[in-house]
Amino acid sequence: MIPKSHPRYDSLMTRELIVKGVRNGITGTQGLIAQGRGEAFDYLIGEKTTESAFRAEKVAAAKLLLARKPVISVNGNVAALVPYELIRLSELVNAPLEVNLFHRTEERVNKIIAHLRSLGAKNILRRSDALIPGLEHERAKVDSHGIFAADVVLVPLEDGDRCKALLEMGKTVIAIDLNPLSRTAQCATVTIVDNIIRAIPNISKFAEELKELEQEQLLDTIREYDNKQTLFLAIEEINKNLNSFAARLCCVKDLEYRI
Ligand code: PTJ
């Protein structure tokens, strides 16, 4: 039992969700490693949504609303961390949830679908009757009416190969990845460098606000967006945080010398 007073309560509770996901057969064991990597980057960006991530989340909401056929890709980590939030976003932007796993087993696909359904999800795609060209791993298997036919795909916690392959199919790819250096982050159309825990509710909040706008106004929201700048700002934020940590240590050292 983690006491609420623990200074890292939120982070530890998030970790518990992933562990529970593994125990319930929803999350793959590799998901634990991915979560650890994510936590490290979250620490470096200050465990908060940065200004540039908010901007990317707003653009993501606009792109999902403008899409002809948007789809939200769901893996084992995402299903364990933000199931309710995904269902809400799926309803808001009218995008089905498609279970697509890197370490795919039919058993885990079925468990994730049952989990999402038990929480109220109605629009779930599960067929794997099409293949993304150029991919040799299990993530190539997609639904012919879902990711295969989609114009905009939201891919949280993705591997770089599929992101590239989806772009080559002419799709808009929105990635959520705390690591601005990852191949996915570098190649996506819109990269949200934020924790999925904060990112999905933020996209939903923006989608609710933007839903009332005309198409032209939505287009205005995305017109000036530059993903390279988003990545640059995320890396700059990490640099800033590291410099301020270092500066604090320098002050302590100066003090020690003086004593
Ligand atoms: O359920 P499966 O089989 O589809 O597998 C899912 C994982 C996530 C295990 C699989 O896609 C994988 O191995 O991913 P990677 O290559 O480890 O990449 C995951 C990326 O997501 C890394 O760059 C992490 O920094 C990032 N990440 C991890 N946790 C979070 C995150 N980004 C945002 N929010 C998080 N909570």
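One-based numbering, in listed order, for ligands and for the atoms of each. All values below come from the heavy atoms of this structure, side chains included, with hydrogens, waters and symmetry mates left out.
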Review point. Would Glu91 and Arg88 satisfy salt bridge (charged side-chain N to carboxylate O under 4.0 Å, His left out), going step by step from the backbone distance to the final call?
Key: CA-CA 5 Å; Glu91 287 167 0; Arg88 185 170 137 67; over 6 Å; no
Practice item. Before giving the answer on side-chain hydrogen bond (donor to acceptor under 3.5 Å, both in side chains), spell out for Thr184 and Asp177 the whole-Å C-alpha distance, their side-chain angles and the decisive distance to 0.1 Å. Key: CA-CA 8 Å; Thr184 301; Asp177 192 333; 4.6 Å; no
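When only modelled atom types and interatomic distance are considered, Thr191 and Asn227 share a side-chain donor-acceptor pair under 3.5 Å. No side-chain N or O of Ser73 forms a donor-acceptor pair with one of Arg139 less than 3.5 Å apart. In this model, a donor atom of one side chain and an acceptor atom of the other lie less than 3.5 Å apart for Thr230 and Tyr225.
Within the listing of ligand 1, atoms 23 (O), 25 (O) sit less than 4.0 angstrom from a heavy atom of Asn179. In summary, the atoms of ligand 1 found under 4.0 Å from a heavy atom of Glu158, numbered by their order in the structure, are 18 (O). Close contacts of ligand 1 with Gly76, meaning ligand atoms under 4.0 Å from a residue heavy atom, involve 1 (O). The atoms of ligand 1 that sit less than 4.0 Å from any heavy atom of Gly31 are 9 (C). Every atom of ligand 1 with a heavy atom of Asp194 under 4.0 Å away is listed here by number and element: 33 (C), 34 (N). Proximity to Arg139 (heavy-atom distance under 4.0 Å) selects the following atoms of ligand 1: 4 (O), 11 (O).
Remark: minimum distance from atom 35 (C) of ligand 1 to any protein heavy atom is reached at Asn195 OD1, 3.6 Å. Protein heavy atom in closest approach to atom 23 (O) of ligand 1: Asp177 OD1, 2.8 Å. The protein atom (non-hydrogen) at minimum distance from atom 8 (C) of ligand 1 is Ala34 CB, 3.7 Å.
The pair Glu51-Arg55 does not meet the salt-bridge criterion, since no charged nitrogen lies less than 4.0 angstrom from a carboxylate oxygen. Between Arg183 and Asp161 there is a salt bridge, since a side-chain N of the basic residue sits under 4.0 Å from a carboxylate O of the acidic one. With respect to Arg127 and Glu98, no salt bridge is recorded, no charged nitrogen being found less than 4.0 Å from a carboxylate O.
Of the listed residues (Ile33, Leu157, Thr184, Thr105), the one carrying the non-hydrogen atom nearest atom 31 (C) of ligand 1 is Leu157. Among Ile196, Val109, Ile200, Thr27, the residue whose heavy atom lies closest to atom 34 (N) of ligand 1 is Ile196. The nearest non-hydrogen atom to atom 6 (C) of ligand 1, considering only Val155, Ile192, Asn75, comes from Asn75.
Taking distance alone, with nitrogen or oxygen atoms compared against 3.5 Å, Phe102 approaches ligand 1 more closely than that limit. Close N/O approach between Arg37 and ligand 1 is found [any backbone or side-chain N/O within under 3.5 Å]. Of the polar atoms of Arg108, at least one N or O is found under 3.5 Å from an N or O of ligand 1, judged by distance alone. Annotation: Gly28 places no N or O atom under 3.5 Å from an N or O atom of ligand 1; distance criterion only. Considering both main-chain and side-chain atoms, Ile176 never comes within under 3.5 Å of ligand 1 through any nitrogen or oxygen pair. Ligand 1 has no N or O atom lying under 3.5 Å from any N or O atom of Asn77, backbone or side chain. Among the atoms of Leu178, some N or O lies under 3.5 angstrom from an N or O of ligand 1. In terms of polar-atom proximity, defined here as any N/O pair under 3.5 Å, His103 does make such a contact with ligand 1.
A donor-acceptor pair is defined here as one N or O able to donate and one able to accept, closer than 3.5 Å; such a pair exists between the side chain of Thr14 and the backbone of Asp10.
The hydrophobic cluster containing Leu44 does not contain Ile176, counting ILVMFWY residues as joined when their side-chain heavy atoms lie under 4.5 angstrom apart, directly or transitively. Under the 4.5 Å side-chain contact rule for hydrophobic residues, Ile147 and Ile124 do not share a cluster.
Between Arg126 and the choices Ile112, Asp143, Asn110, the side chain to side chain contact (heavy atoms under 4.5 Å, CB included) rule is met once, by Asn110.
For Ala121 against Leu97, the heavy-atom pair with the smallest separation is CB-CD1, 4.2 Å.
Distance remark: protein heavy atom not present below 4.0 angstrom from atom 12 (C) of ligand 1.
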